[in-house]
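Below: the structure, in structure tokens.
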Amino acid sequence: MYDLIVEDATIVSGHARYVADVCIEDGRIAHIGSRAAGRAREHVHAAGHLLMPGVIDGHVHFRSPGHPHKEDWESGSRAAASGGVTTVLDMPNTSPPTLTRANWDHKRGLAAENSRVNFGIWVGASAGNLDAINELMDSGDACGIKVFMGASTGPLLVDDRTLVALFETTRGLLGVHAEDEALLVALRGQFEGDPSPDHNAVRPPAAAAAAVKRLIDLVEAHHRAVHICHVSTAVELELLTRTRGVLPISTEACPHHLVLSADMARNADTATFGNRIKVNPPVRSEDDRRALWAGVNQDLIDTIGSDHAPHLLSEKSQPYWSAPSGMPGVETTLPLLLTAVRNRQLSLERVVQLCCEEPARVFGLKRKGTIAVGQDADFLLLADENAPLQALRASDMHTRVGWSPFEGIAMVPRPQRVYVGGRLVAANGAIVGDDVRGALVRPGDAAASAPAS
Ligand code: DOR
Ligand code: ZN
Ligand code: ZN
């Protein structure tokens, strides 16, 4: 007897759609096929509904430990679940930063106790923790090594010497915030007298391009897997076109770079709106935004991650130079992408590639990202394909900071049902299985053999 059978759903993979029953047992997909497969404790009738793998968001900044009043594992993971994200990979610029085994274990404890979705934990890179990095990577615990080439929120920043040492002496996936620190420092000096400069001029595309160039040289020399976070400009894409299929470089794009532009910040009636969408790397020009969409559709981008980086509105309403960078996004990624599907900017199959299949491949999560026998039962039933769009309201948000840069934008409703490990966590945006806890994901954990049915 199965725990659950989802009947007659239209299953969407990165390449196909087909109608079948999905049978769940012990948190895994035990059988996919016809009704004859067996009986279950619970049946969900899903005829006419689309079923896709849960979203894997490789890039969130939950704020615990350190700043739980901005986001903790409970609020952040509820936000994730509500928006169809069933696995999050958390960045290390918390307080303290995740630089040692003790830091990592502490964060793991907080997540295990509170996270409603599955979670992985990045280790941060600094000049002094290369041994800790190798221990955390060799044990298979950390999901990757996060490297800040340009300073952003938090103290993590590596100089070029440390960057080279990381390539030479560490093992595992390097995830990089690629902005060139020397250029950023020089430009900051130039703009300092201006109380409200254009953030896209203070941290321009050239800073991202310089860092990506440096990374390409290092990957060429060391043939080491690198994941470039938040690619946001045409110049970066141009550089990456040449390395595609040649070097082991994967790429991430973020919804805010696809949906927002610097013109919106500049034209906003209040300086506050501008600072709300202050983020590193900045939202870019309309030309860059169009180039990024082309990159998404031409396979120059592998994954979409939210770069969920919540800050309080009170912090965001400070003057430009004091307002922190970053904005919440984990719960709006999928609604925004499904809205783009309705607008024919990309296909639903491509969304499944970018949000599920490719993150699972890049991060080595073998039991995630696809609907197949033996896989973890992390999946979504989407709302009716013709459901009217809904303008996002602050009151819809689960993030502790309670606001979104996408407020007022009409988008596809949140998934009708969100399952983590075979258990219902969220329905139509509301949390319904608040007792569900996610599990740690580790790169390379072997795919399970199918449970007997
Ligand atoms: O805008 C950003 N905010 N960029 C980052 O790299 C970090 C993030 C944060 O943690 O606030
Ligand atoms: Zn970053
Ligand atoms: Zn980030």
Side-chain angles (χ1 to χ4, degrees), residues 57-72 76 80 85 88-98 107 120-126 143-158 163 174-181 184 188 199-200 202-203 205 207-208 211-212 215 226-233 236 250-257 260 262 265 274-284 303-316 318 320-330 333 359 399-401 403-405:
D57 188 339
H59 192 160
V60 304
H61 300 265
F62 291 172
R63 302 301 193 189
S64 190
H67 302 281
H69 62 290
K70 294 192 189 196
E71 201 78 286
D72 60 15
V85 174
V88 294
L89 306 183
D90 187 59
M91 288 298 177
N93 58 333
T94 37
S95 210
T98 317
K107 186 181 276 189
I121 301 172
W122 290 84
V123 58
S126 76
C143 62
I145 308 163
K146 179 64 187 289
V147 182
F148 284 90
M149 289 174 76
S152 192
T153 306
L156 295 178
L157 173 68
V158 302
L163 186 63
L174 294 165
V176 185
H177 179 119
E179 287 186 286
D180 183 80
E181 181 65 10
L184 295 182
R188 203 175 307 144
H199 193 51
N200 188 34
V202 178
R203 300 178 78 114
V212 166
L215 277 177
V226 165
H227 186 57
I228 302 186
C229 298
H230 40 51
V231 170
S232 60
T233 62
E236 289 166 280
S250 57
T251 53
E252 173 198 68
C254 301
H256 48 268
H257 292 125
L260 306 172
N275 288 342
R276 277 202 194 196
I277 66 175
K278 181 183 178 195
V279 60
N280 302 331
V283 295
R284 304 296 194 181
T303 72
I304 303 248
S306 67
D307 200 0
H308 176 80
H311 293 287
L312 303 178
L313 269 186
S314 57
E315 299 170 306
K316 287 296 221 176
Q318 297 173 90
Y320 171 84
W321 291 102
S322 335
S325 295
M327 47 194 164
V330 68
T333 298
T399 169
R400 208 169 290 298
V401 297
W403 65 277
S404 164

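We number each residue from 1, following the sequence as shown. As the structure lists them, so they are numbered: ligands from 1, and atoms in each ligand from 1. None of these values were measured; they are calculated from a predicted model.
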Side-chain heavy-atom pair Val176, His227 within 4.5 angstrom cut-off: no

Short N or O contacts of ligand 1 with protein, under 3.5 Å, listed by atom name?
from     : atom 1 : to     : atom 2 : distance (Å)
ligand 1 : 1 (O)  : Asn280 : N      : 2.8
ligand 1 : 1 (O)  : Ser325 : O      : 3.4
ligand 1 : 1 (O)  : Gly326 : N      : 3.3
ligand 1 : 3 (N)  : Ser325 : O      : 3.0
ligand 1 : 4 (N)  : Ser152 : OG     : 3.0
ligand 1 : 4 (N)  : Asn280 : O      : 2.9
ligand 1 : 6 (O)  : Ser152 : OG     : 3.0
ligand 1 : 6 (O)  : His177 : ND1    : 3.1
ligand 1 : 10 (O) : His61  : ND1    : 3.3
ligand 1 : 10 (O) : Arg63  : NH1    : 2.9
ligand 1 : 10 (O) : Arg63  : NH2    : 3.4
ligand 1 : 10 (O) : Asn93  : ND2    : 2.8
ligand 1 : 11 (O) : Arg63  : NH2    : 2.8
ligand 1 : 11 (O) : Thr153 : OG1    : 2.8
ligand 1 : 11 (O) : His311 : NE2    : 2.9
ligand 1 : 11 (O) : Ser325 : O      : 3.1

query: Does His230 have its ring centroid less than 6.0 Å away from the ring centroid of His256?
result: no

task: Using atom types as modelled and distance alone, determine if a side-chain donor or acceptor of His311 lies under 3.5 Å from a backbone N or O of Val401.
output: no

message: For Asn93 and His61, which I'm curious about, is there any donor-acceptor pair between the side chains at under 3.5 Å?
response: yes

query: For Arg284 and Thr233, does a side-chain donor sit closer than 3.5 Å to a side-chain acceptor?
result: no

message: Assess, by modelled atom type and distance only, whether the side chains of His308 and Glu71 contain a donor and an acceptor separated by less than 3.5 Å.
response: yes

message: Within the 3.5 Å criterion, strictly below it, is a donor on His177 or Lys146 matched to an acceptor on the partner's side chain?
response: no

statement: Protein-side N, O or S atoms sitting under 2.8 Å from the Zn ion (ligand 2) are His177 ND1, His230 NE2

message: Distance check, rounded to the nearest 0.5 Å: Ile121 atom CD1 versus Phe62 atom CZ?
response: 11.5 Å

statement: Rounding to 0.5 Å, atoms CG (Asn280) and OG (Ser232) come to a distance of 10.0 Å

